[in-house]
Amino acid sequence: MWWPKGSSWAGRGLRAGLAVAGLALLVQALRGWAASDRRFEFDPDEIARLGKHHAGLDHELAFSKIIVELRKKHPGHILPDEDLQWVFVNAGGWMGSMCLLHASLSEYVLLFGTAVDTGGHSGRYWADIHDTVISGTFRQWKEGTTKSEIYYPGDTIVHRSGEATSVQWSAGTWMVEYGRGFIPSTLGFALADTVFSTQDFLTLFYTVRVYVKGLLLEASTYFSSGGH
């Protein structure tokens, strides 16, 4: 069958346009879902107050106290000790370590920090991320500005959905972090350097495994409480 010249390119362009439109609608739907007014288990101010209360302590002591208090207030939502694991994170050119405490599709709570000086790109997420400094210093350079800001123990930094910054941690900086939004969207950035740069696939396995454990814990708690 004869087709007008250029019709194949027009068809491809149409399909590409429809795909982009579909992706845009999906993004808007996911952002709307993440921002919807459903009940969340945690409150960002609660995590910030908890971090501030223990700021200035030895970070390991502070973390142990934070875990105990979260388990008391949110039974069934914090991973048991046998599932707590410090896992390296390579992303945006920086390297740190995180210990996941809670994870669902819409929230996470974790401990994060670094024993060496490090810095790079923050990432751009479909989630709001709140970090409260326990020890050390954190420096942030926001997109569109020409000056950076430095944060100290007790300070909370809020990284809003869609924002991007330059970030820098001094050696010995440790924080408690809370994220709220479409949490699976953060994994692409968090794992990209591991997949394409360090190729540390054991760390990739650890990261995915602990996130799945968090999801399974939430599912178990949800069904054991009768879906409430």
Side-chain angles (χ1 to χ4, degrees), residues 30 34 47 51 59-60 62-63 66-67 79 82-143 148-151 153 155-216:
L30 290 173
I47 304 300
H59 69 275
E60 292 185 345
F63 286 163
I66 288 171
I67 292 170
L79 287 167
E82 58 267 26
D83 289 331
L84 298 183
Q85 178 183 7
W86 283 98
V87 179
F88 277 141
V89 182
N90 287 274
W94 48 262
M95 183 173 184
S97 186
M98 67 99 178
C99 179
L100 188 69
L101 306 182
H102 166 87
S104 68
L105 295 177
S106 58
E107 294 179 285
Y108 71 78
V109 180
L110 57 78
L111 310 173
F112 177 83
T114 175
V116 299
D117 295 330
T118 190
H121 192 287
S122 66
R124 201 185 296 269
Y125 311 106
W126 297 348
D128 292 340
I129 298 175
H130 305 250
D131 286 285
T132 301
V133 181
I134 301 297
S135 65
T137 58
F138 173 78
R139 185 182 292 272
Q140 182 185 65
W141 173 24
K142 289 189 175 183
E143 183 179 29
S148 65
E149 295 181 71
I150 190 166
Y151 298 88
D155 291 339
T156 296
I157 307 97
V158 181
H159 184 99
R160 295 295 180 189
S161 175
E163 291 183 347
T165 70
S166 173
V167 291
Q168 184 182 65
W169 297 264
S170 62
T173 299
W174 300 95
M175 359 172 67
V176 57
E177 180 171 298
Y178 172 71
R180 175 184 289 188
F182 184 55
I183 303 308
S185 72
T186 67
L187 294 177
F189 173 79
L191 297 174
D193 280 7
T194 300
V195 174
F196 298 108
S197 178
T198 67
Q199 297 187 348
D200 182 358
F201 296 112
L202 184 58
T203 288
L204 173 65
F205 168 73
Y206 289 152
T207 304
V208 173
R209 181 179 66 176
V210 75
Y211 183 58
V212 170
K213 285 182 177 180
L215 294 178
L216 292 175

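Nothing here was measured: the structure is a model prediction, and the numbers come from that model. Side-chain atoms are counted along with the backbone in the values below, which use heavy atoms only and exclude waters and symmetry mates.
- At least one side-chain heavy atom of I157 sits less than 4.5 Å from a side-chain heavy atom of V133.
- Distance check, rounded to the nearest 0.5 Å: CG of D117 to CD of Q168 gives 7.0 Å.
- From K142, atom NZ reaches atom OG1 of T165 across 8.5 Å, with rounding to the nearest 0.5 Å.
- Residue F201 qualifies as enclosed at atom CZ: its count of foreign heavy atoms under 6.0 Å is above 12.
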Would you tabulate the side-chain donor-acceptor contacts of residues 89-103 under 3.5 Å, counting partners in other chains and residues two or more places apart, or write 'none'?
{"residue": "W94", "atom": "NE1", "partner": "A91", "partner atom": "O", "Å": "3.0"}
{"residue": "W94", "atom": "NE1", "partner": "H121", "partner atom": "O", "Å": "2.9"}
{"residue": "S97", "atom": "OG", "partner": "V87", "partner atom": "O", "Å": "3.4"}
{"residue": "H102", "atom": "ND1", "partner": "H77", "partner atom": "O", "Å": "2.8"}
{"residue": "H102", "atom": "ND1", "partner": "E218", "partner atom": "OE2", "Å": "3.4"}

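- Under a cut-off of 6.0 angstrom, the local environment of OH in Y211 is crowded, with over 12 non-hydrogen atoms contributed by other residues, nucleotides or ligands.
- Of all heavy-atom pairs spanning A171 and A115, the tightest one is CB-O, 3.5 Å.
- Residues S122 and V167 come closest through the heavy atom pair CB-CG1, 3.9 Å.
- Ring pair W174/W86 is perpendicular by interplanar angle, where above 60° counts as perpendicular and below 30° as parallel.
- To the nearest 0.5 angstrom, R180 atom CZ is 8.5 Å from D128 atom CG.
- Considering L79, L84, V208 in turn, L79 is the only one that fulfils the side chain to side chain contact (heavy atoms under 4.5 Å, CB included) rule with K213.
- Put simply, the side chain of L202 reaches to within 4.5 Å of the side chain of Y206, judged on heavy atoms.
- Formation of a donor-acceptor pair under 3.5 Å by the R124 side chain with backbone atoms of G162 is found in this model.
- Contact of the L204 side chain with the L191 side chain is registered, since non-hydrogen atoms from C-beta on lie closer than 4.5 Å.
- In this structure, T114 and F138 have side chains that are not in contact, with every pair of non-hydrogen atoms separated by 4.5 Å or more.
- Sorted by first and then second residue, the side-chain hydrogen bond (donor to acceptor under 3.5 Å, both in side chains) pairs with a member in residues 188-202 read D200-T203; sequence neighbours excluded.
- Closest heavy-atom contact between E143 and A164: CB-O, 3.2 Å.
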Test side-chain contact (heavy atoms from CB on, under 4.5 Å) on L111 and I134 and set out the steps.
CA-CA 10 Å; L111 310 173; I134 301 297; over 6 Å; no

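- Between the side chain of S135 and the backbone N or O of T173, no donor-acceptor pair lies under 3.5 Å.
- In this structure, F63 and F112 approach most closely via the heavy-atom pair CZ-O, 4.4 Å.
- Here Y108 contributes atom OH and L215 contributes atom CG; the two are 14.0 Å apart, rounded to the nearest 0.5 Å.
- In this structure, P153 and G136 approach most closely via the heavy-atom pair CD-O, 3.3 Å.
- Side-chain atoms of D131 and H159, non-hydrogen and from C-beta on, never get closer than 4.5 Å to each other.
- Side chains of L105 and P184 form a contact here, defined as non-hydrogen atoms less than 4.5 Å apart.
- In this structure, the separation between CE on M175 and CG on D155 is 9.5 Å, given to the nearest 0.5 Å.
- Using a 4.5 Å heavy-atom threshold, the side chains of T132 and T156 count as touching.
- Without hydrogens or angle criteria, E163 side chain to R160 main chain gives a donor-acceptor distance under 3.5 Å.
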